[in-house]
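Everything on this sheet refers to the single structure shown next.
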Amino acid sequence: MTTVPAKPAAPAAEEERHRLTVLEEADRGRAALLATVSHDLRAPLAAAKAAVSGLRAGDARLTAYDRADLLAAAEESLDQLAHLAASLLDVSRLQAGARAVFPRPAHVGEIVAAALEALGPQPQPVLADIPSGLPEVMADPAIAERVIVNLVGNALRYSLAAAPPLLTARISGNRVELCVVDHGPGIPAADRKRAFQPFCQLGALGDSSGVGLGLPVARSLAETMGGTVEPENTPGGGLTMVLTLPAAPARPADPRRTRPVRAA
């Protein structure tokens with residue numbers, strides 16, 4: 001009988017160097033995060049403060065329209081801050097491995113409806129047409145909702161007013177694909193891998209908000225549920241983000257169908 005010698009343990013000095021390298025990389029990541037989000041935090045904070053200060057000043061020259069405009073500016077700025085905070089929290093939880101996932105059978109239409117409601121009012125509509133007869137998916141509805149909110153938010157940022165984003169779905173083998181379709185400028189094939197890197201911003205039409213976390217967070221959250229997020233070309237121009245989730249085991253058919261939804 002031949003005895004295979006045990007692999008020698010790494011020297012203590014090598015282990016210490018590895019530990020220090022990991023700590024240095026973590027510190028660099030935190031520094032990059034702070035540097036990247038600093039401007040994006042300052043801008044909406046300053047806008048919200050200016051709007052609230054204008055309302056508190058009690059200037060008699062302010063008309064009802066002026067006050068409504070200031071309130072809208074404050075609300076928009078606070079929405080930006082809330083979205084940024086949610087994205088940063090997702091990144092923190094994913095990096096710490098603390099994101100709890102509880103997949104269960106769920107209807108794609110119900111998840112889409114909840115995501116559009118969570119997205120709130122938007123400057124342009126969002127359309128949804130989920131075909132009837134789709135199988136349920138195995139997903140954590142709350143996490144799937146976050147994925148869709150991020151994908152739709154990205155589509156809205158790149159969409160033209162005359163061509164609103166569309167959410168639809170299809171069956172692919174034993175999986176269900178939810179497609180977030182836009183007719184914006186698209187992403188060149190050479191840049192698609194980079195688009196899923198944190199803090200990468202490829203540029204948007206008239207909108208520089210955000211810190212480039214939407215797509216990386218969406219993909220990472222999808223993967224925690226055994227899903228994927230991949231880009232495709234939209235026929236006629238634009239980008240389609242495809243969220244793929246495992247189909248749930250068949251249960252008695254449910255005839256429910258989500259009709260086209262418009263979110264103002």
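The shortest heavy-atom contact between Ala163 and Ser159 is O-CB, 3.8 Å. Considering all non-hydrogen atoms of both residues, Ser77 and Ala47 come closest at OG-CB, 3.2 Å. Shortest non-hydrogen contact noted between Ala114 and Glu145 is CB-OE1, 3.5 Å. Considering every non-hydrogen atom in both Arg219 and Pro231, the closest pair reads NH2-CD, 4.3 Å. Minimum heavy-atom separation, Ala128 to Leu116: CB-CD1, 4.0 Å. When all heavy atoms of Glu177 and Thr244 are compared, the closest pair comes out as CG-OG1, 3.5 Å.
Checking side-chain atoms of Asp182 against main-chain N and O of Leu239 turns up a donor-acceptor pair under 3.5 Å. Judged purely by atom type and a 3.5 angstrom limit, Asp66 uses its side chain to pair as donor or acceptor with the backbone of Thr63. Side-chain atoms of Ser220 do not come within 3.5 Å of backbone N or O of Val217 as any donor-acceptor pair. In terms of modelled atom types and a separation under 3.5 Å, the side chain of Thr168 and the main chain of Asp129 share a donor-acceptor contact. The closest donor-acceptor contact from the side chain of Thr234 to the backbone of Thr240 lies under 3.5 Å.
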- Steps toward side-chain contact (heavy atoms from CB on, under 4.5 Å) verdict (Val176, Leu245): CA-CA 5 Å; Val176 175; Leu245 293 169; 5.5 Å; no
- Please report the C-alpha distance between Glu232 and Arg170 in whole Å, then the side-chain angles of each, then the deciding distance to 0.1 Å, and finally whether the salt bridge (charged side-chain N to carboxylate O under 4.0 Å, His left out) criterion is met. CA-CA 14 Å; Glu232 293 182 356; Arg170 63 200 181 200; 3.2 Å; yes
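Ile111 and Val149 fall within a single hydrophobic cluster, where Ile, Leu, Val, Met, Phe, Trp and Tyr side chains are chained together by heavy-atom contacts under 4.5 Å. The cluster map of Ile, Leu, Val, Met, Phe, Trp and Tyr, joined by side-chain heavy atoms under 4.5 Å apart, puts Ile143 and Leu119 in the same cluster. By the criterion of side-chain heavy atoms lying less than 4.5 angstrom apart, applied directly or through intervening Ile, Leu, Val, Met, Phe, Trp or Tyr residues, Ile130 is grouped together with Ile171 in one hydrophobic cluster.
Considering only heavy atoms from C-beta on, Glu75 stays 4.5 Å or farther from Leu78 through its side chain. Side-chain contact between Glu110 and Pro141 is absent, with no heavy atoms from C-beta onward closer than 4.5 Å. The closest side-chain heavy-atom distance from Asn150 to Met241 is not below 4.5 Å. Put simply, the side chain of Leu156 reaches to within 4.5 Å of the side chain of Val126, judged on heavy atoms. Side-chain contact between Pro165 and Gln124 is present, with at least one heavy-atom pair separated by less than 4.5 Å. Residues Pro246 and Met225 form no side-chain contact, since every pair of their non-hydrogen atoms from C-beta on lies 4.5 Å or further apart. Looking at Leu160 and His183, their side chains never come closer than 4.5 Å, going by heavy atoms from C-beta outward. Counting heavy atoms from C-beta on, the side chains of Val180 and Leu243 never come closer than 4.5 Å.
With a 6.0 Å radius and a threshold of 12 heavy atoms from other residues, nucleotides or ligands, Glu223 has its CD atom above the threshold.
Among the candidates Val108, Val147, Leu134, Val229, the single residue satisfying the side-chain contact (heavy atoms from CB on, under 4.5 Å) test with Leu178 is Val108.
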